[in-house]
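Read through the structure below, which is laid out as structure tokens, and then see the notes.
So that the names make sense, note that chain A is the first sequence line, chain B the second, and so on, each numbered from 1. Note that the structure is a prediction, hence the values are computed from the model and not measured.
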Number of protein chains: 2
Amino acid sequence: MNAPAHPIEQLHAELADLDWVADESRIARLSQDFSWFSPVLKRQLADKKAAAVVRPRSEDEIRRLVGLCARLRVPITVRGSGTGNYGQSVPLQGGVLLDMSGYNAFLWQRNGIARAQAGIRLWDIDKATKADGYELRCVPSTFRSATLGGLFGGGFGGVGSINYGPLAARGNVLGLRAITIEEEPQFVELRGAEALLMHHMWGTNGLVLELEVGLAPVHDWMESIVSFDTFDAALEFGDAVARATGIVKKEVCFLAHPVPEYLKQLESSLPAGCSALILATAGASEAPLLELVAQFGGSVTYRKTAEEVARSGRTLLEYTWNHTTLNAFKVDKNITYLQTAFVAGQHVEQVKHMEKLLGGEVLMHTEFIRNMDGNVTCTALQLVKFTTEERLQEIMQIYRDNGVRINDPHVFIVEDGKAGGDLPQGFTDIKKRFDPMGLLNPGKVRAWARPGEIAPA
Amino acid sequence: MNAPAHPIEQLHAELADLDWVADESRIARLSQDFSWFSPVLKRQLADKKAAAVVRPRSEDEIRRLVGLCARLRVPITVRGSGTGNYGQSVPLQGGVLLDMSGYNAFLWQRNGIARAQAGIRLWDIDKATKADGYELRCVPSTFRSATLGGLFGGGFGGVGSINYGPLAARGNVLGLRAITIEEEPQFVELRGAEALLMHHMWGTNGLVLELEVGLAPVHDWMESIVSFDTFDAALEFGDAVARATGIVKKEVCFLAHPVPEYLKQLESSLPAGCSALILATAGASEAPLLELVAQFGGSVTYRKTAEEVARSGRTLLEYTWNHTTLNAFKVDKNITYLQTAFVAGQHVEQVKHMEKLLGGEVLMHTEFIRNMDGNVTCTALQLVKFTTEERLQEIMQIYRDNGVRINDPHVFIVEDGKAGGDLPQGFTDIKKRFDPMGLLNPGKVRAWARPGEIAPA
């Protein structure tokens with residue numbers, strides 16, 4: 001009788017027909033994401049690696065894999081395209097990484113609703129729905145590669161949130177199909193609010209197979225940059241555009257001087273010293289937009305019609321949200337970033353105040369959105385000239401002390417990030433139901449950690 | 001040599017080819033509008049009548065008419081379908097009434113913008129644009145008969161303002177063509193903010209021939225009534241629906257007990273004693289809507305899909321905005337109404353407070369909208385059990401004393417209504433440019449009145 005095989009060997013042997021990734025350097029690469037944006041996470045997560053990576057192609061493959069992992073007590077971490085910034089898909093305890101990017105069928109659309117497998121790229125959903133006059137309601141700047149499951153499991157919203165709020169706003173996600181992590185896995189459909197109990201949980205309390213989302217009508221989105229001489233004029237213009245109910249829009253991104261200097265590819269459209277707005281607005285709203293530009297003393301320094309954008313294959317949206325940060329890294333490796341949520345109604349004053357307190361060290365980049373209460377506000381992804389982890393913590397504390405919420409992007413524990421503290425019971429109920437053995441992405445949720453697994457906050 | 005003819009006779013004689021209304025009772029009827037909603041205006045305006053009514057069919061007819069009126073110094077009052085409530089189209093000083101309802105061509109639409117002649121019915125615009133997937137952004141409950149010019153000249157917005165705000169919000173009206181009131185009339189195109197200087201001025205500072213407006217994407221609007229046992233639950237539910245960025249909607253109308261009792265045609269869908277919401281929401285948002293219904297303890301007591309609404313030819317929208325008031329009149333001739341604008345963010349508390357102060361005498365009916373600042377709030381068209389004009393004034397003062405704005409619907413002077421005081425200079429500049437002799441709808445604007453023409457405020 002042979003010695004019992006290592007569980008990972010058993011998985012490979014018993015499920016030899018699955019698409020396993022053999023190359024070790026590829027396994028290492030697939031075990032990482034964009035958490036290197038944070039020097040803290042980079043230090044903490046650099047050596048984390050899955051023991052095996054598999055790329056499922058069908059529900060049946062997923063069922064067999066999950067069942068065997070449950071029997072063998074092998075941790076399972078799910079991954080979309082790895083565009084997350086908090087190590088959402090970085091396996092802390094080895095095990096199997098499920099690369100869902102091949103599980104990517106578009107299933108159906110009707111009446112402004114679409115359903116697809118979790119591994120579909122956001123870009124591919126838009127391609128499928130555009131002919132019917134629809135598109136996704138809110139997408140990260142990584143929409144070209146990011147997956148639907150990844151957005152749901154680890155994302156916030158993004159471009160389009162100025163209309164539809166965060167992805168978590170009731171009605172944006174309508175339902176999902178998930179599989180329980182058991183020896184005899186069950187397929188379960190969750191609808192509405194219950195489905196949201198798996199949102200932004202980094203795949204720790206459910207393995208999502210399909211998602212059903214509300215869509216938005218497509219407009220002929222033109223893209224422009226509006227440049228200003230002063231911080232205040234640019235910010236106030238952005239707020240005015242965001243608030244203008246008669247100006248149809250999809251993106252309002254404010255980049256305070258000197259952030260535009262980091263966007264080298266847009267150099268010719270960003271006058272030296274400017275603060276600028278990157279906008280996506282409907283063609284029908286160009287005239288009223290230009291009225292606001294004139295009123296606030298700005299200059300349109302870049303303008304492409306929807307047709308020109310489509311033809312060029314290049315979009316300004318890939319300079320907004322965390323793509324601003326990504327572009328800044330190309331110029332200066334020594335930066336990092338914050339995530340903050342300003343108080344709606346006080347947001348313009350708060351942004352100005354924080355600029356006064358920390359300008360020069362913290363470079364302002366805000367994104368206008370509607371929040372969960374339907375109010376216009378801005379969230380921010382400020383660039384930080386990084387010195388030490390202690391100073392980074394100090395900066396975040398200065399924000400908190402000034403009444404601005406920090407959604408800490410330098411942690412990989414769910415409760416320590418955007419969740420901002422203990423999880424409501426509903427999330428734990430879902431965990432027990434879908435992952436009774438605690439195999440999903442272990443080490444990321446304080447509430448469900450084994451003793452000593454996660455250090456106290 | 002004959003004695004000089006009366007100017008009206010001269011108009012008839014020199015422009016005999018125009019479509020003059022001969023019937024005196026029809027002239028009397030066309031000289032009135034829905035200002036009888038107000039007992040004050042009813043008393044003040046009942047005997048007002050044009051000396052002649054003409055129905056122009058072409059720009060050339062309008063040009064000839066206007067030129068001759070200018071030469072003869074004959075007042076000109078413009079009228080759409082007469083659905084206004086403030087006597088906007090009631091001629092105070094006789095003269096010629098221009099019934100624009102025959103000047104109603106749909107001119108063009110492209111990329112979410114439409115242009116039409118002022119006399120077109122709103123309903124006919126929607127019919128023309130629906131095939132392209134568009135509809136008007138905000139319409140009054142009178143959309144079936146009301147004209148585009150009438151909405152612009154005397155309206156506010158309405159159904160759809162929960163998305164696009166008031167018609168006056170930048171970008172909803174993109175431009176207009178107007179004619180100057182001179183012996184040699186000029187045709188002038190005004191764009192954007194300049195066009196808005198003729199908005200809600202009751203045709204006193206410009207005679208608008210064509211309007212160009214931004215459109216909204218059509219959704220499959222389903223209509224429902226959600227009934228509640230309590231005022232507070234219904235109001236709070238309405239606010240939650242209004243704020244829910246992920247619930248696609250077009251109308252959120254709150255009718256507090258006992259207002260639903262006045263809507264006899266909907267009796268079977270309005271349980272005794274209920275407070276209710278009338279909603280138009282996208283089919284894709286039904287599930288999240290029902291979650292909110294359950295959360296706030298409501299019951300769906302009426303539900304029609306977009307297809308059922310279209311097939312029936314009946315719409316709940318004709319029970320909202322001032323159609324609520326109209327329906328109440330059918331039951332009780334002794335009511336009137338208010339128009340108030342609550343402070344965004346404080347609106348729910350203000351509505352509750354005013355109900356406590358005046359409930360029983362003032363019956364709450366609010367309409368959720370986004371205001372000019374992009375904030376969710378509600379405006380209201382409360383029913384009032386009318387006793388005396390003095391008490392009506394008292395009630396409005398109680399509102400003002402509690403920090404709620406009154407847009408007085410019991411006045412026919414522009415400054416005394418929604419304008420709420422002196423007009424900015426821009427309006428006067430437009431007046432001088434388009435009506436240098438002061439012939440348009442005289443007696444309605446304090447700033448331009450001849451001495452003694454309008455009593456002091």
Side-chain angles (χ1 to χ4, degrees), chain A residues 110-113 133-134 137-138 161-175 191-194 212-220 239-240 242-248 281-292 294-295 306 344-345 369-376, chain B residues 110-113 133-134 137-138 161-175 191-194 212-220 239-240 242-249 281-292 295 306 344-345 369-376:
Chain A
R110 53 175 174 263
N111 302 328
I113 300 176
Y134 286 101
R137 290 184 176 177
C138 48
S161 288
I162 185 62
N163 300 314
Y164 293 94
L167 188 68
R170 189 191 302 276
N172 290 336
V173 175
L174 296 167
R191 304 299 302 176
E194 207 174 25
E212 193 178 311
V213 295
L215 300 172
V218 175
H219 290 266
D220 55 336
D239 191 51
R243 289 178 177 284
T245 51
I247 294 180
V248 177
T281 52
S285 294
E286 184 170 18
L289 178 67
L290 292 178
E291 286 186 355
L292 282 182
Q295 184 181 319
I369 63 164
R370 289 184 75 187
N371 67 14
M372 293 288 280
D373 292 325
N375 295 321
V376 171
Chain B
R110 52 176 174 264
N111 303 328
I113 300 176
Y134 285 101
R137 290 184 177 177
C138 48
S161 288
I162 184 62
N163 299 315
Y164 293 94
L167 189 68
R170 189 192 300 276
N172 290 335
V173 175
L174 296 167
R191 304 299 302 175
E194 207 177 23
E212 192 178 312
V213 294
L215 300 173
V218 176
H219 290 266
D220 56 335
D239 190 51
R243 290 178 176 283
T245 51
I247 294 180
V248 176
K249 68 202 80 95
T281 52
S285 294
E286 185 171 17
L289 178 67
L290 292 177
E291 285 186 355
L292 282 183
Q295 184 180 319
I369 63 164
R370 289 183 75 186
N371 67 13
M372 294 288 280
D373 293 324
N375 295 321
V376 172

Under 4.5 Å to a heavy atom of chain A? For B:Asn371 that would be backbone
Nearest 0.5 Å please: distance from the CZ atom of A:Arg137 over to the CG atom of A:Asn163.
10.0 Å
Choice from B:Ala240, B:Gly112, B:Gly192 maximising heavy atom contacts with chain A below 4.5 Å
B:Gly192
Point-to-point distance, once rounded to the nearest 0.5 Å, from CZ of B:Arg170 to CG of A:Leu292:
4.0 Å
Would you mind reporting whether B:His219 and B:Ser285 have side-chain heavy atoms less than 4.5 Å apart?
no
Using the test side chain to side chain donor-acceptor pair (under 3.5 Å), find all partners of A:Asn375 that sit at least two apart in sequence or belong to another chain.
B:Arg243
Is chain A contacted by the side chain of B:Glu212, its backbone, both, or neither, given a heavy-atom distance below 4.5 Å?
neither
By side chain to side chain donor-acceptor pair (under 3.5 Å) - contacts of A:Glu286 (at least two apart):
A:Arg303
Per-residue contact mode, B:Arg191 against chain A (heavy atom under 4.5 angstrom):
backbone
Pair count under 4.5 Å, heavy atoms only, with chain B: among A:Asp373, A:Ile247, A:Ile113, A:Asn111, highest is A:Asp373
